[in-house]
2 protein chains.
Amino acid sequence: MKTNQEILVQNGVSPSIQRLKIFSYLKATKSHPTAYTIFNDLKDEIPSLSKTTVYNVLKLLIAKRLVQEVRIEGNELRYDAEVREHGHFKCDVCGEVSDVFLNQPLNLLLNHSYEVKEIQFNITGVCKSCLTKK
Amino acid sequence: MKTNQEILVQNGVSPSIQRLKIFSYLKATKSHPTAYTIFNDLKDEIPSLSKTTVYNVLKLLIAKRLVQEVRIEGNELRYDAEVREHGHFKCDVCGEVSDVFLNQPLNLLLNHSYEVKEIQFNITGVCKSCLTKK
DNA sequence: TACAAATTTAGAATAATTCTAAATAATTTC
DNA sequence: GAAATTATTTAGAATTATTCTAAATTTGTA
């Protein structure tokens, strides 16, 4: 199992404290945090951290394909270190965002005459636990 | 074929000039415009039009399920009067956004334990015409 | 140690959207 | 049909997320 530091280095990212902590934070969570949440959760650990750094690092990790942007509602941007082809489900009731994997790649359903770089899909609705609560 | 006015009325939306023109504009285009583009393109026809109205009307039409938000890149929000299950392809080169329909509903690929309200998917890459230009 | 390059930082600037309260238009009531 | 009520639109201010900018700090190298 590669360490997060190794992953960064192997992808040509010099592993500064900030980069490593932001990447590790994303790797460790499945909550699809916003840039603000990331900043807020890490600022105790890295008191000097600035919001600009969070945005810079996220942009860098996205360019290196180590992180994906998740755009599932309104104009809030969320981030995800899961980069395999997958989608997201957002529950309209509790607001939670979870990963969704398909039985087969979406790719196969496309008659594409274009070059595909990234596929994402978004589903909204009501999650299991909110359904049973009703 | 129903008129746009009829569609609005049947969905409980009183068809003011602004609402009708914004809805008709979206129905007539496949370009997935942003709120700003809609505002800009309609302000000659409706000189009094305000940006707030564009946002208000879009929000209303979305609530009535007559329009969908399209979130395909960064934090730009686009709008689409095509509400059948479909996705979007954005070309990284020319920036154009086009509709994508699947051979079968994505729904079938999900082992969903949740109630699905809306499904959208986004693909980025390079479109045919940009591929051949290279 | 000294120099150069890379990275981070705070705060200002920008852009999209929402909020607010007043103005206008449409509808209802008498 | 006038007055009152309700719905809709409007301009501009406020808010929010993100980007820009230029200085400060850190890291790597001669």
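Chain naming here is simple, since letters A, B, ... match the order of the sequence lines and numbering starts at 1 in each.
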Donor-acceptor pairs are to be reported for all side-chain atoms of residues 20-33 of chain A against protein atoms at under 3.5 Å, with residues two or more places apart or in another chain.
{"residue": "A:K21", "atom": "NZ", "partner": "A:E45", "partner atom": "OE2", "Å": "2.7"}
{"residue": "A:S24", "atom": "OG", "partner": "A:N4", "partner atom": "ND2", "Å": "3.2"}
{"residue": "A:S24", "atom": "OG", "partner": "A:L20", "partner atom": "O", "Å": "2.7"}
{"residue": "A:Y25", "atom": "OH", "partner": "A:D41", "partner atom": "OD2", "Å": "2.5"}
{"residue": "A:T29", "atom": "OG1", "partner": "A:S31", "partner atom": "N", "Å": "3.0"}
{"residue": "A:T29", "atom": "OG1", "partner": "A:S31", "partner atom": "OG", "Å": "2.8"}
{"residue": "A:H32", "atom": "ND1", "partner": "A:K30", "partner atom": "O", "Å": "2.8"}
{"residue": "A:H32", "atom": "ND1", "partner": "A:V97", "partner atom": "O", "Å": "3.2"}
{"residue": "A:H32", "atom": "NE2", "partner": "A:D80", "partner atom": "OD2", "Å": "3.2"}
{"residue": "A:H32", "atom": "NE2", "partner": "A:H88", "partner atom": "NE2", "Å": "3.4"}
{"residue": "A:H32", "atom": "NE2", "partner": "A:D99", "partner atom": "OD1", "Å": "2.9"}

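Minimum interatomic distance between B:Q120 and B:R71 (heavy atoms only, all atoms of both residues): OE1-N, 4.4 Å.
A heavy-atom distance below 4.5 Å is found between the side chains of A:I38 and A:L58. Between B:L8 and B:L66 there is a side-chain heavy-atom pair separated by less than 4.5 Å.
Not counting sequence neighbours, the partners of B:F89 by the ring-ring contact (aromatic ring centres under 6.0 Å, His included) test are A:Y114.
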Can you check nucleotides 3-7 of chain C for protein contacts, nitrogen or oxygen pairs under 3.5 Å, and list what you find?
{"residue": "C:dT7", "atom": "OP1", "partner": "A:S14", "partner atom": "OG", "Å": "2.6"}
{"residue": "C:dT7", "atom": "OP1", "partner": "A:R19", "partner atom": "NH1", "Å": "2.8"}
{"residue": "C:dT7", "atom": "O5'", "partner": "A:R19", "partner atom": "NH2", "Å": "3.4"}

Set out, line by line, the N/O atom pairs under 3.5 Å between protein and nucleotides 26-30 of chain D.
none

Give me the distances for all protein-to-nucleotides 17-20 of chain D N/O pairs that come in under 3.5 Å?
{"residue": "D:dT18", "atom": "OP2", "partner": "A:Y55", "partner atom": "OH", "Å": "2.4"}
{"residue": "D:dT18", "atom": "O5'", "partner": "A:Y55", "partner atom": "OH", "Å": "3.3"}
{"residue": "D:dT19", "atom": "OP1", "partner": "A:K59", "partner atom": "NZ", "Å": "3.4"}
{"residue": "D:dC20", "atom": "N4", "partner": "A:T52", "partner atom": "OG1", "Å": "3.1"}

Check: What's the verdict on side chain to side chain contact (heavy atoms under 4.5 Å, CB included) for A:V54 and A:Y36, showing C-alpha distance, side-chain angles and the deciding distance?
Finding: CA-CA 8 Å; A:V54 175; A:Y36 178 77; over 6 Å; no

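One can place NZ of B:K43 at 15 Å from C1' of D:dA11, the figure rounded to the nearest angstrom.
B:E6 places a side-chain N or O within 3.5 Å of a backbone atom of B:T3 that can act as its donor or acceptor partner.
Taken over five-pair windows at either terminus, the axes of the helix from C:dT1-D:dA30 to C:dC30-D:dG1 are inclined to one another by 20° (rounded to 10 degrees).
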